[in-house]
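Written out below as structure tokens is the structure these notes cover.
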Amino acid sequence: MNFKSLLVIALVLTSAVPLNGAPKKKKQPPRGMLEKMEAVPCGAKQRGLAGLGTIWASAGITHVNSDEKLCPQYLLRTDEMEYHIRPTDGKHPVVLPIGQEVEFKIKKDRMFVKVPDGDKKTRSYQVVAVNPTNPTPETSAQDTYKRSPENP
């Protein structure tokens, strides 16, 4: 009888204590889908003297190239937001794979993007614009109002 009561107490105690033997999962970084890439103007090429040098030099020395510099701009879409980002490395921007899922972190106006299926390097991008993904209820109400009624 003593053995049975000891066994019952041991079973009650082991069932009351939660099992903490399972490994803890790391918090997964947010993920988003790269939807598209556009080439947008990000400045004009300029050569020549600038600042005080233009005052002392003749007007014909300064030259502004009419060809605008184009930078890649990506649309990164999550469940809640759309982010328009540009690479901070303007001279050697890396082309990201469109249609792939990426992991990202946001700190101030910078987004750090990593392609887990690619080279797994984290690269810095500048956040240019942020828009919510879900449409507001006002726009859907306006769309239904604009519909023309059917005539009998």
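- Linking Ile, Leu, Val, Met, Phe, Trp and Tyr whenever their side-chain heavy atoms come within less than 4.5 Å puts Val130 and Leu34 in one cluster.
- Residues Pro97 and Val115 have side chains in contact (heavy-atom distance under 4.5 Å, counting atoms from C-beta outward).
- Cluster annotation: Val113 is connected to Val95 through the hydrophobic network of ILVMFWY side chains, with a link wherever side-chain heavy atoms come within less than 4.5 Å.
- Contact of the Pro93 side chain with the Cys71 side chain is not registered, since no non-hydrogen atoms from C-beta on lie closer than 4.5 Å.
- Scanning all heavy atoms of the two residues, the minimum distance from Thr78 to Thr133 falls at O-OG1, 3.5 Å.
- Gln126 places a side-chain heavy atom less than 4.5 Å from the side chain of Arg110.
- The shortest distance between side-chain heavy atoms of Val128 and Tyr74 does not fall below 4.5 Å.
- Remark: Lys114 NZ to Asp119 CG distance equals 10.5 Å, nearest 0.5 Å.
- Scanning both residues, Tyr125 and Val94, for their nearest heavy atoms gives OH-O, 3.8 Å.
- When the side chains of ILVMFWY residues are joined at heavy-atom separations under 4.5 Å, either directly or via intervening members, Ile85 and Val40 end up in two distinct hydrophobic clusters.
- Sorted by first and then second residue, the salt bridge (charged side-chain N to carboxylate O under 4.0 Å, His left out) pairs with a member in residues 79-100 read Arg77-Glu82; sequence neighbours excluded.
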For residues 98-108, please give each side-chain donor-acceptor pair under 3.5 Å, one per line with the distance, not counting sequence neighbours.
residue, atom, partner, partner atom, Å
Glu101, OE1, Arg31, NH1, 3.0
Glu103, OE2, Arg31, NH2, 2.9

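- Between the Thr88 side chain and the Ser124 main chain, a donor and an acceptor come within less than 3.5 Å of each other.
- Criterion: ILVMFWY side-chain heavy atoms under 4.5 Å apart, direct or through other members. Under it, Met81 and Val127 are part of a common hydrophobic cluster.
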Please evaluate residues His84 and Asn131 with respect to the criterion side chain to side chain contact (heavy atoms under 4.5 Å, CB included), reporting the C-alpha separation (whole Å), side-chain torsions for both, the decisive distance (0.1 Å), and the verdict. CA-CA 9 Å; His84 295 270; Asn131 297 323; 3.8 Å; yes
